[in-house]
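Treat the numbers as computed from the prediction; the structure is a model and nothing was measured. So you know, we letter chains A, B, ... as the sequences are listed, proteins then strands, and number each from 1.
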Amino acid sequence: MSDLLQGLNEAQRRAVQATTGPVLVLAGPGSGKTRVLTHRIAYLIREVGIDPYQILAVTFTNKAAREMKERLEALIGVEDTAALTVGTFHSLCARFLRRDCIHLGRERDFVIYDSDDQERLMRRVIRELNLDEKKYPPRAIQSHISGAKNELVDPQEYARLNRTYFDEIVARCYVRYQQLLAESNAYDFDDLLVEMVRLFAEHPEVLAHYHRRYQYLLVDEYQDTNRAQYLLVKHLAELNRNLFVVGDDDQSVYGWRGADIRNILQFEQDYPDAQVLLLEQNYRSTQAILDAAQAVIAGSGKRKHLKQLWTENGAGLHVSLHEGYDQNEEANFVVEEINRLVAAGDFGYGDCAIMYRINAQSRALEEALFGRGVPYQLVGGTRFYDRKEIKDTVAYLRIAANPYDSVSLLRVINWPGRGIGDRSENELIRWAGELGVPIYQALKELENDAGAQRSPFNSRTRNALLGFLQIVEDMQAARRRLSLGDLIDYLLERVAVREALEREHGADEAEDRWNNVQELRSVSVEYVNLPIEAQLPTFLEEVALVANVDRMDREANAVTCITLHQAKGLEYPVVFLIGLEEGLLPHSRSTDDRDKLEEERRLLYVGMTRARQRLYLSYAFRRMSFGRTNMSTPSRFLSTIPPVMLKQPKKRGFASSGQTQMFTERSGYSRSTASRWSSGSSGSSGSSRGSEQSGGPGEVTFFAGQRVRHGTFGEGVVMSSRLVDGDEEVTVSFADRERRLLSSFAKLQRIA
DNA sequence: TCCGCCTAGGTTTTT
DNA sequence: CCTAGGCGGA
């Protein structure tokens, strides 16, 4: 047997060795799907004899792509891996377009606009069309257009389809937005995919090239593909049909980004000769974690592929549930628990991850971690490349590559300040629009006296504009002769960046920002081996497409703080999921829509299944948001986990922060207890608490997160429960307010 | 044009 | 709470 199959289970081997033709692998979390993907590539090269040059693999992040290449290098050697093409849809499309965009009437040196650039451009469009920015927020318009692009709806079609007045406005913005993109020789994120599809559809000879080149196509996280990505795959695979996709509909969490779960659900209709393989054995988590996660996902009404996950990893410890008084106490609990685990010698800081729904939740965590001197790394939040001084510097570099990039041009036209204020800037935009030329060309008009004569500028403003134009021209000349590093040095000198930072900020802050700029400079050495003309474009492309998670350091001995979305595909021995509250998870913007709500549920499922050995869930009793403190309600998803699967502190109360010792108990998780509970309770949901107590005397029988019904107050969620003089005092959050009830007295029914 | 103070409004999630 | 944009004064 091939040594590439060693260590794989039967199902994995079948997937790795599947005959050519369309293959769909439905793989639960922790089932080794990345491993299968990697080994299949190795298998194709080594055993089937496929030229690595003819294999194209699509991953979800650049980081995943890099790791896959590294694993393959270890598996089959560097020489066979080098010719392989691995990347994300976006980075691959950027690369392909760089090669073939000429067929679309575009220049090679296009720039890629990120969300910030997109918003700036849209703001310009809205002003130009004399629309009210309050009524038509650029972000909102932009997101509608993005949605349209994900569905491959072009401006003309959008205008035809539109129903509401708002749509009509969007349609007008869409048309102008695309014009300005083209004029700037820019693609936004969505365009990279859309234009690639268009290229394939309109130029069969180009597609034929890709068919010849890429005979084998492999796609990871197929459940997260949107319509454009789906069509790209379809185009690329239609001739050779050697398509191998891996995914899990239970882990689909990017619907808001246009991902269409139907792509994976309908794979068998799209490819009738497809083989479908199932990977159900989980190698990552303990049974306790898996059971709790399955309980959450089982609560979903609409699952198509019902996978039954199992593991041989052993029962493990109970999943813990903690209630914090507020977000600070919650964070303190997490940090103290991490310290306890590390002190016990079972885990290192690098084994621990804290996951949350929104980035804003990281603030309290950072304070707690920093306050206790615990090393941590924050993934996300503001990206390095999102810092103002970095964006400004990069804007100059983009202009050097492509002076038609109007967003970058306008971004730095008055940075550092050179006497071109809002008024002059708006005049320039208006005048360029009137002439029907890009901003750069309008600036060049000012060079000759005839053009200047027709311009709306006085001589002082004209000189300021010409001064800026000179910088633009100098940058372009410099770009042709200098390496990337030298170009950055030239730029910093030419526009006096350091002096500008010192003028605008205090000495201390200027120092920080200058250091950031220097860090950007130091990144440039990574490109020094490329030919000079390729250094700048490659660098700019990575600046635009490299994600936060791509910069994460897995080896660091530090706690990882990360959003649930970014955590997809990762795993950690110890995972804390915090903020499991109504309004946060599920997020308040998702609670009124059935599909969105289901996506929130899957998000929790994804988070839970990141854990290998220990999983902690927590929520806060009250939470501050927007500077205001609100009472919170435990997430509805918590009530889908049978209480016997959870371990909670026995004593409640928020007074001290020294409660963390409550988790010191090391009792193991018992599968049979859990299954007995779930089978026994499912038949009698809604029955009142029976006379025989489930726990012995002195134990609480209601748990935070449970949903209950009361004769007078209606439905509510248990916030906490404690023993008072031998009776159980249950705090329940009802629709109107929170009430404390004595369980011997009040009739509380548990509901499913 | 620039600077600083003020307030209103905003937070999903990301390539 | 925080921040980007508006507005008044120099």
Side-chain angles (χ1 to χ4, degrees), chain A residues 58-65 87-94 112-120 123 133-134 137-140 143 146 149-150 187-194 221 224-226 228-229 252-259 327 355-364 367 379-383 385-386 388 414-425 458 460-461 464 503-504 541-550 562-569 579 583-591 593 596 599-600 602-604 606-607 623-629:
Chain A
V58 187
T59 56
F60 194 71
T61 63
N62 287 301
K63 183 183 171 63
T88 63
F89 276 109
H90 285 87
S91 60
L92 290 169
C93 285
I112 300 165
Y113 280 175
D114 66 17
S115 4
D116 184 61
D117 303 319
Q118 291 171 36
E119 197 179 322
R120 282 165 171 271
R123 175 160 289 117
E133 282 178 67
K134 290 274 152 54
R139 268 179 72 101
S143 91
S146 178
K149 286 183 176 180
N150 285 328
Y187 290 120
D188 68 14
F189 278 141
D190 304 311
D191 278 344
L192 290 175
L193 306 174
V194 172
E221 308 281 14
D224 287 319
T225 51
N226 63 26
Q229 291 163 334
S252 154
V253 292
Y254 280 96
W256 50 274
R257 205 170 84 182
Q327 73 277 6
M355 303 178 186
Y356 37 81
R357 178 66 230 271
I358 65 173
N359 281 308
Q361 285 174 264
S362 68
R363 181 173 305 273
E367 277 173 30
V379 182
T382 40
R383 293 191 318 163
Y385 292 115
D386 286 342
K388 186 180 177 297
N414 198 35
W415 188 84
R418 50 176 75 89
I420 305 170
D422 284 355
R423 204 200 144 89
S424 309
E425 185 181 327
N458 60 34
R460 205 174 85 185
T461 309
R503 220 176 312 123
E504 288 169 23
E541 192 169 303
E542 292 195 13
V543 167
L545 296 179
V546 164
N548 297 316
V549 68
D550 296 332
I562 191 169
T563 64
L564 287 164
H565 282 91
Q566 294 205 101
K568 198 170 70 125
L584 221 39
L585 186 68
H587 193 269
S588 51
R589 307 265 272 241
S590 303
T591 41
D593 179 301
K596 287 184 183 168
E599 188 158 304
E600 300 285 312
R602 294 194 293 266
L603 196 53
L604 175 58
V606 165
R623 178 175 298 273
M624 178 140 79
S625 55
F626 295 113
R628 214 178 289 285
T629 298

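Using a 4.0 Å cut-off between a side-chain N of Lys or Arg and a carboxylate O of Asp or Glu, Glu119(A) and Arg123(A) qualify as a salt bridge. A salt bridge links Arg602(A) with Glu599(A): the closest approach of a Lys/Arg side-chain nitrogen to an acidic carboxylate oxygen falls below 4.0 angstrom.
When the side-chain nitrogen and oxygen atoms of Thr563(A) are compared with OP1 and OP2 of dT14(B), one or more of them lie within a distance under 4.0 Å.
Mapped onto DNA chain B by nearest heavy atom, Asp190(A) and Arg139(A) fall at different nucleotides, with Arg139(A) at the one closer to the 5' end. Judged by closest nucleotide on DNA chain B, Arg460(A) is the one of Arg460(A) and Phe189(A) placed further toward the 5' end.
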Exercise. When you look at Trp256(A) and His565(A), which way does the ring pair (Phe, Tyr, Trp, His ring centres under 6.0 Å) test go after all the steps?
Worked result: CA-CA 12 Å; Trp256(A) 50 274; His565(A) 282 91; 5.6 Å; yes
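Across all strands shown, Ser424(A) has heavy atoms under 4.0 Å from sugar-phosphate atoms exclusively, and none from any base. Counting non-hydrogen atoms under 4.0 angstrom, Arg423(A) reaches the backbone sugars and phosphates but no base.
The base of dT13(B) is paired with the side chain of Arg357(A) by a donor and an acceptor separated by under 3.5 Å.
Side-chain proximity of Arg589(A) to the nucleotides dG10(B), dT12(B), dT13(B) is greatest for dT12(B).
Taking the C1' atom of each, dT12(B) and dG5(C) are spaced 23 Å apart, rounded to whole Å. For the P atom pair drawn from dT11(B) and dG6(C), the interatomic distance equals 16 Å after rounding to whole Å.
Aromatic ring orientation, Phe60(A) versus Tyr254(A): tilted (interplanar angle from 30° to 60°).
A stacked arrangement is assigned to His587(A) and the six-membered base ring of dT12(B), with a centre-to-centre distance below 5.5 Å and an interplanar angle below 30°. Taking the 5.5 Å centre cut-off and the 30° plane limit, the aromatic side chain of Trp256(A) is classed as stacked on dT13(B).
Enclosure of atom CG in Asp422(A) is not indicated, since only 12 or fewer non-hydrogen atoms of other residues, nucleotides or ligands lie within 6.0 angstrom.
Residues satisfying the side chain to side chain contact (heavy atoms under 4.5 Å, CB included) test with Thr629(A), not counting sequence neighbours, are Arg622(A), Met624(A).
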Seminar exercise, completed: Once base and sugar-phosphate atoms are separated, protein heavy atoms under 4.0 Å mark nucleotides 2-10 of chain C, 5' to 3', with B, S and - as S--S-----
Provide a list of protein-nucleic acid N or O atom pairs under 3.5 angstrom, restricted to nucleotides 2-8 of chain B.
unit_1, atom_1, unit_2, atom_2, d
dC2(B), OP1, Gly419(A), N, 3.3
dC2(B), OP2, Asn414(A), ND2, 3.4

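Rounded to the nearest 0.5 Å, atoms CZ (Arg257(A)) and CG (Asn226(A)) are 8.0 Å apart.
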